[in-house]
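Submitted below is the structure of interest, expressed as structure tokens.
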Amino acid sequence: MTRFNLVSRLILAATLSAALAACSSDEAARGGADAAAGAGAGAGGATAAGQLDPGSIEYFRTAVGDTVWFDTDSAALSAEAQQTLRRQADWLLRNPGINAVIEGHADERGTRDYNLALGARRATAARNFLIGEGVAPERLTTVSYGKERPVALCSDESCWRQNRRAVTVAAGAPLS
Amino acid sequence: MRAFIASVAALLLVLAAAPQLRAQDSAPGPLRLEISEGVIEPMPIALPPFGGPDGAVLGEQVRRIVKRDLEDSGLFRVIDEAAYLERPAGADMRPNFANWAILNAEALIIADAQVEPDGRLAVRMQLWDVFGERALGDGLGLRASPEATRRVGHKLADAIHLALTGEPGYFDSRIAYVAETGPKNARVKRIAIMDQDGANLRYLTDGGDLVLSPRFSPDGAYLVYLSYKGGHPRVRIMDVLTGRDQDLGGFPGMTFAPRFSPDGRKVLLSLARGGDSDIYEMDLASREMRALTSGPGIKTSPSYAPDGRRIVFESDAGGTQQLYVMDLGGGAPRRISFGEGRYGTPVWSPRGDLIAFTKILRGRFHVGVMRPDGASERLLTASFLDEAPVWSPNGRVLLFFRETPGPNGAPALWRVDATGRNLRRVPTATPASDPSWSALLP
């Protein structure tokens with residue numbers, strides 16, 4: 001895993017296509033579904049993103065990957081989520097003028113208050129990991145949307161797993 | 001707050017008990033509908049058109065409100081007026097009981113309506129026990145400004161409910177909810193308020209900020225709710241009449257799941273911090289917060305017992321979402337839910353006898369009730385998503401929302417008696433969620 005992570009970091013500094021290759025197939029599949037819902041990364045955006053400025057917010061969203069996913073009722077970070085967050089941390093460390101709001105979300109299969117709390121827990125888990133990777137805490141805030149902002153709208157597990165997520169929303173002007 | 005309430009009462013309605021309609025003594029009638037799971041057949045009652053100079057138009061509007069309130073309760077059936085053999089001229093008229101007994105009407109409501117010189121509508125009503133051939137109670141007189149005509153109907157229905165069941169009704173009350181429009185992934189939510197029967201709908205927020213979970217103060221004058229105003233989810237408090245609102249304290253982290261205390265002086269809410277959520281009690285006058293729970297886990301959806309001395313809430317500290325009761329005087333929370341599945345959104349009945357909740361069991365959502373010690377659990381509903389029950393003012397009816405699945409799924413308000421009977425949809429102008437039911441209006 002450590003070795004994989006090192007490779008991943010090297011690749012990140014190189015090209016987008018390699019970075020996408022570092023994604024697991026499962027993650028790529030979910031990213032693809034997100035793109036279909038108008039929300040994020042995916043193979044469809046790869047060609048255009050290949051010409052993106054690596055310091056741009058769009059690059060962070062599509063090439064680095066702004067979203068990590070969770071199991072039902074869980075805020076545990078999977079190995080795959082940790083990889084994504086390491087890439088996010090690397091990018092944030094390279095772009096110190098940019099802050100981020102981490103949004104925590106839940107699927108529709110819980111009660112409203114519980115899902116708000118669960119979203120807060122997920123956002124906090126992602127934030128704590130980024131801080132552990134060296135991002136200054138002052139740059140990272142969280143907000144929970146509970147089940148209020150689904151990206152996938154069907155009512156079965158194929159959509160619910162896309163909605164159990166934490167999204168790192170980067171904002172601000174990159175330092176040139 | 002008191003001055004405000006007084007002004008609302010003066011503005012909206014002037015209700016005054018009229019002099020007694022009859023001087024005769026009437027012993028408590030034997031006619032009594034017991035509300036229990038055994039009530040299957042609604043009580044047949046007669047509600048003839050109102051007498052008096054304004055009985056035909058204004059009186060008829062009031063009568064229709066009374067009729068719908070009573071019939072929607074599931075406890076009464078108003079006999080078709082085409083069958084009536086007699087048309088009472090006024091509320092002080094003694095009926096010919098044989099004319100009503102032959103229709104099998106157990107109770108008879110006679111009323112009249114008249115607009116007084118000052119423009120107010122005066123309605124008088126007398127309730128009769130048909131087979132006992134005696135008056136039930138002393139009669140009721142109400143006066144109301146034209147804007148409050150509908151409330152006269154609800155007040156009459158409440159009086160009839162009280163006389164025939166021995167318990168207060170819930171008809172002169174309001175419902176606040178979240179009105180939902182737009183697609184599922186970009187829903188616009190506004191706080192709406194309406195009369196219990198759907199009339200007088202008003203929107204209290206404009207949809208610019210995401211809003212959730214409005215809850216009435218005990219006097220109905222305020223709502224506490226969650227708003228994402230400025231991008232930060234925080235509990236806010238709104239004056240229902242003026243629409244003025246403010247942040248309920250600027251705390252680090254999200255505050256959510258607010259609920260008033262029975263005396264209206266405090267608010268329970270949850271505060272999310274460091275991945276855990278804990279329950280706090282805020283004193284509204286001083287804005288001081290007191291932590292009621294601590295330790296790891298999600299603790300939220302708190303609700304006071306009617307005596308204000310205990311709370312019920314949900315927590316996943318034990319592994320899954322379960323219900324706990326805690327004495328505010330001290331002592332550890334005591335788990336009360338032990339069935340299969342997960343439990344959330346507990347709400348204590350105003351009668352104190354039951355706690356309503358949402359239960360998630362094998363992929364289905366249910367509204368259920370149990371006693372405060374966790375005994376006698378009963379599930380009342382089942383669907384893809386039934387959530388967030390709240391009690392009617394008399395603790396006999398539960399209001400909740402039911403959401404349909406899929407990309408075009410939407411929520412609607414539903415109600416069900418605490419006995420599980422009389423499940424029905426509550427019509428709203430738009431899809432609706434997160435209901436709150438006010439106390440009876442003064």
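Labels below follow one simple rule: chain letters A, B, ... track the order of the sequence lines, proteins then strands, and each chain is numbered from 1.
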Toward chain A, the part of B:Phe384 with a non-hydrogen atom under 4.5 Å:
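Its backbone and side chain both get close to chain A.
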Pair B:Glu403 + A:Lys147, salt bridge at N-O below 4.0 Å
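Salt bridge flag = no for A:Lys147 with B:Glu403.
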What closest approach, in Å, do A:Arg112 and B:Lys189 show between heavy atoms, and which atom pair accounts for it?
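Taking A:Arg112 first and B:Lys189 second, the nearest heavy atoms are NH1-NZ, 3.4 Å.
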Inter-residue atom distance B:Thr320.OG1 - A:Asp73.CG, 0.5 Å rounding
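Rounded to the nearest 0.5 Å, the OG1-CG separation comes out at 8.5 Å.
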Best-contacting candidate, B:Ser270, B:Ala388, B:Ser301, against chain A by heavy atom pairs under 4.5 angstrom
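Option with the top pair count is B:Ser301.
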Interface moiety of A:Ser155 toward chain B, non-hydrogen atoms closer than 4.5 Å:
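Its backbone and side chain both get close to chain B.
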What's the shortest heavy-atom distance between A:Cys154 and B:Pro407, and which atoms?
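Shortest heavy-atom separation between A:Cys154 and B:Pro407 comes out as CA-CD, 4.2 Å.
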Atom pair CZ (A:Arg109) and CZ (B:Arg364), whose distance is rounded to the nearest 0.5 Å:
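One finds 9.0 Å between CZ of A:Arg109 and CZ of B:Arg364.
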Engaged part of B:Phe401 at the chain A interface, taking heavy atoms whose separation is under 4.5 Å
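For B:Phe401, side-chain heavy atoms alone lie under 4.5 Å from chain A.
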Are any non-hydrogen side-chain atoms of B:Arg273 and A:Thr124 less than 4.5 angstrom apart?
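No. Closest side-chain heavy atoms not under 4.5 Å.
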Relative to chain A, which of B:Leu226, B:Leu210, B:Asn408 shows the most heavy atom pairs under 4.5 Å?
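Ranked by heavy-atom pairs under 4.5 Å with chain A, first place is B:Leu210.
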I'd like to check A:Glu148 versus B:Pro233 (side-chain heavy atoms, cut-off strictly below 4.5 Å). Are they in contact?
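With C-beta onward as the side chain, the pair stays apart.
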Does A:Arg121 reach the side chain of B:Asp316, with side-chain heavy atoms less than 4.5 Å apart?
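They are in contact (side-chain heavy atoms under 4.5 Å apart), so the answer is yes.
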Work out which heavy atom in A:Ala120 is nearest to a heavy atom in B:Ala272; give both atom names and the distance.
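That would be CB-CB, 3.9 Å.
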Identify which of B:Leu385, B:Asp434, B:Asp276 forms the greatest number of heavy-atom pairs closer than 4.5 Å to chain A.
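Sorted descending by pairs with chain A, the first entry is B:Asp434.
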Determine the option with the most heavy-atom pairs under 4.5 angstrom with chain B, choosing from A:Ala123, A:Gly146, A:Ala125, A:Gly110.
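Heavy-atom pairs under 4.5 Å are most numerous for A:Gly110.
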Output the distance between atom CG (A:Asn115) and atom CG (B:Leu212), rounded to the nearest 0.5 Å.
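That separation rounds to 11.0 Å.
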Considering only heavy atoms, which portion of A:Ala117 lies under 4.5 Å from any heavy atom of chain B: side chain, backbone, both, or neither?
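Contact with chain B: backbone and side chain both.
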Measuring from atom CD of A:Glu108 to atom CZ of B:Phe365, what distance do you get when rounded to the nearest 0.5 angstrom?
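These two atoms lie 8.5 Å from each other.
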Out of A:Thr111, A:Thr141, A:Asn163, A:Thr142, return the one with the most heavy atom pairs under 4.5 angstrom to chain B.
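Of the candidates given, the most pairs with chain B belong to A:Thr111.
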Does A:Asp156 have more than 12 heavy atoms from other residues, nucleotides or ligands lying within 6.0 Å of its CG?
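Yes, CG of A:Asp156 has more than 12 neighbouring heavy atoms, counting only those of other groups under 6.0 Å.
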Once rounded to the nearest 0.5 Å, what's the spacing between atom CG of B:Leu269 and atom CG of A:Asp113?
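B:Leu269 CG to A:Asp113 CG: 11.0 Å, rounded to 0.5 Å.
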Looking at every non-hydrogen atom in both residues, tell me the closest pair between A:Arg149 and B:Asn185 and how far apart they are.
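Answer, listing the atom of A:Arg149 first, then B:Asn185: CD-O, 4.3 Å.
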To the nearest 0.5 Å, what is the distance between CD1 (B:Ile360) and OH (A:Tyr114)?
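Going from the CD1 atom of B:Ile360 to the OH atom of A:Tyr114 covers 8.5 Å.
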